[in-house]
**Q** 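Attaching a single structure in structure tokens format; questions to follow.
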Amino acid sequence: MKALAKKKNVVFLLLYCLPLLFFVYQYLVNDFSTDMLLEYKDYFVSMKNKHQVLFSFLFVLSYSVLVASSISITAVLNLLAGYLFGPVTGTLLACVGGTAGSYILFCFIRFTVKGFRWVLPDRHYFAADPGRGFFILFFMRMSPFLPASLVTAGFAVVRLKDFIFIPATFLGLFPLILVYAMIGGQLGSIDHLREIYNSDFIWLLLLLAGLSCFPLVKKEVREMMNFLKIINYIKR
């Protein structure tokens with residue numbers, strides 16, 4: 001029974017890695033880059049104007065698949081969202097795609113680790129007060145520097161409740177995506193992603209990163225994030 005469960009996990013892991021391997025192949029063999037997507041921005045506009053509803057759906061679907069596969073090109077997608085749909089509508093669509101993709105990855109990781117016998121003490125922390133989980137996840141999602149997939153994986157391992165994970169992810173993604181989408185409104189004059197990283201934008205990203213550390217003012221959060229203690233707990 002245990003061997004069968006392990007084989008299932010291996011199969012699921014391979015399926016999860018397929019999109020990522022495809023992008024790695026495109027990057028190494030065909031010199032794929034996020035700037036290549038910007039070259040098609042005018043084509044995307046024409047397609048959006050012809051098939052607005054269908055294109056919006058495909059944008060959200062593509063965004064969610066990329067997030068679920070941990071393929072980190074969401075920055076350029078956020079720019080395109082603002083360019084194609086406007087800052088507000090584009091941000092909402094990107095947030096929907098980001099939340100859906102994060103939830104798919106959240107469920108996948110939660111399913112693959114549920115057979116593990118070790119139990120993190122942090123699970124009790126979140127189970128006792130779901131509001132804590134919302135508070136921490138909301139601010140962590142605001143950070144432009146924390147890997148989103150790593151955040152999702154962490155909260156999947158501690159089994160945060162679905163009804164907390166989804167709204168906290170959506171609302172936490174909103175500020176950062178809105179910043180990119182507002183810049184994306186001027187994407188017509190931008191050909192390379194690096195062009196958006198001027199001093200003002202860097203300071204804004206640092207501000208969001210600082211806000212994302214707000215939960216650390218709480219002592220219990222700092223104690224919970226003592227990774228050395230968690231690792232020692234797992235090894236016992």
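All values reported here derive from a predicted model rather than from experimental measurement. Note that these values count all heavy atoms, side chains included, but never hydrogens, waters or copies made by symmetry.
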**Q** Tell me the ring-ring contact (aromatic ring centres under 6.0 Å, His included) pairs involving residues 164-183, sequence neighbours left out?
**A**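 Every pair satisfying ring-ring contact (aromatic ring centres under 6.0 Å, His included) with a residue in residues 164-183: F106-F165, Y180-F201.
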**Q** Could you pull out the closest heavy-atom pair between F139 and L211, with the gap in Å?
**A**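 Scanning both residues, the minimum pair turns out to be CD2-O, 3.2 Å.
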**Q** Counting N and O atoms only, with roles assigned by atom type, does the side chain of S143 sit under 3.5 Å from a partner on the main chain of F145, one being a donor and the other an acceptor?
**A**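 Yes, S143 side chain to F145 backbone: donor-acceptor pair under 3.5 Å.
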**Q** Say you draw a straight line from CZ of F138 to CG of L173; how long is it, rounded to the nearest 0.5 Å?
**A**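 With rounding to 0.5 Å, CZ (F138) is 10.0 Å from CG (L173).
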**Q** Could you work out, with side chain to side chain contact (heavy atoms under 4.5 Å, CB included) as the rule, every residue matching F44, not counting sequence neighbours?
**A**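 Y40, F55, L80, L84.
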**Q** So, taking the atom named CD1 in I183 and the one named CG in N78, what distance separates them when rounded to the nearest 0.5 Å?
**A**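 One finds 10.5 Å between CD1 of I183 and CG of N78.
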**Q** Identify each donor-acceptor pair in which a side-chain atom of residues 85-98 lies under 3.5 Å from a protein atom, sequence neighbours left out, and give them as a table.
**A**
| residue | atom | partner | partner atom | Å |
| --- | --- | --- | --- | --- |
| T91 | OG1 | P87 | O | 2.5 |

**Q** What heavy-atom pair brings L137 and A168 nearest, and what distance separates the two atoms?
**A**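 Residues L137 and A168, closest heavy atoms: CD2-CB, 3.7 Å.
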**Q** What residue pairs, at least two apart or across chains, pass salt bridge (charged side-chain N to carboxylate O under 4.0 Å, His left out) with a residue in residues 162-179?
**A**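 As it turns out, the salt bridge (charged side-chain N to carboxylate O under 4.0 Å, His left out) pairs with a partner in residues 162-179, which skip direct neighbours, are R110-D162.
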**Q** Who are the side chain to side chain contact (heavy atoms under 4.5 Å, CB included) partners of L150, not counting sequence neighbours?
**A**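 For L150 the side chain to side chain contact (heavy atoms under 4.5 Å, CB included) partners, ignoring immediate neighbours, are P147.
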**Q** For a quick test of reading the model, state the closest non-hydrogen atom pair linking V76 to I73 and the distance between them.
**A**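 So the minimum-distance heavy-atom pair works out to CG1-O, 3.1 Å.
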**Q** Return the CG to CG distance between L204 and L176, rounded to the nearest 0.5 Å.
**A**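 CG of L176 is found 8.5 Å from CG of L204.
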**Q** Please answer: with hydrophobic residues joined when any side-chain heavy atoms are less than 4.5 Å apart, are F59 and V53 in the same cluster?
**A**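 No: no chain of side-chain contacts under 4.5 Å links F59 to V53.
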**Q** Please confirm whether the backbone N or O of L61 pairs with a side-chain atom of S64, one donor and one acceptor, at under 3.5 Å?
**A**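 Indeed, once roles are kept as given, a pair shorter than 3.5 Å links the two residues.
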**Q** What are the two closest heavy atoms between L105 and S70, and how far apart are they?
**A**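 Heavy atoms of L105 and S70 come nearest at CD2-OG, 3.8 Å.
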**Q** Can you list the residues that meet the side chain to side chain contact (heavy atoms under 4.5 Å, CB included) rule with A148, with sequence neighbours excluded?
**A**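 With neighbours one apart ignored, the set is R141.
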**Q** Could you give me the CA-CA distance, side-chain angles and deciding distance for I136 and M140, then say whether side chain to side chain contact (heavy atoms under 4.5 Å, CB included) is met?
**A** CA-CA 6 Å; I136 297 172; M140 290 184 74; 3.6 Å; yes
**Q** What distance do I71 atom CD1 and L66 atom CG have between them, rounded to the nearest 0.5 Å?
**A**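 It is 5.0 Å, given to the nearest 0.5 Å.
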**Q** In chain order, what residues pass the side chain to side chain contact (heavy atoms under 4.5 Å, CB included) check against P175, with sequence neighbours excluded?
**A**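 Once residues adjacent in sequence are excluded, the partners of P175 under the side chain to side chain contact (heavy atoms under 4.5 Å, CB included) criterion are M142, L208.
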**Q** Take Y83 and V45 through the side chain to side chain contact (heavy atoms under 4.5 Å, CB included) test and state the conclusion after the steps.
**A** CA-CA 8 Å; Y83 182 67; V45 169; 3.4 Å; yes
**Q** In terms of hydrophobic clusters joined by side-chain contacts under 4.5 Å, are L77 and I104 together?
**A**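 No, it is not one cluster - the side chains of L77 and I104 are not joined through contacts under 4.5 Å.
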**Q** I need the K48 NZ to S56 OG distance, nearest 0.5 Å.
**A**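 Rounded to the nearest 0.5 Å, the NZ-OG separation comes out at 7.5 Å.
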**Q** So, taking the atom named CZ in R159 and the one named NZ in K161, what distance separates them when rounded to the nearest 0.5 Å?
**A**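 Those atoms lie 9.5 Å apart.
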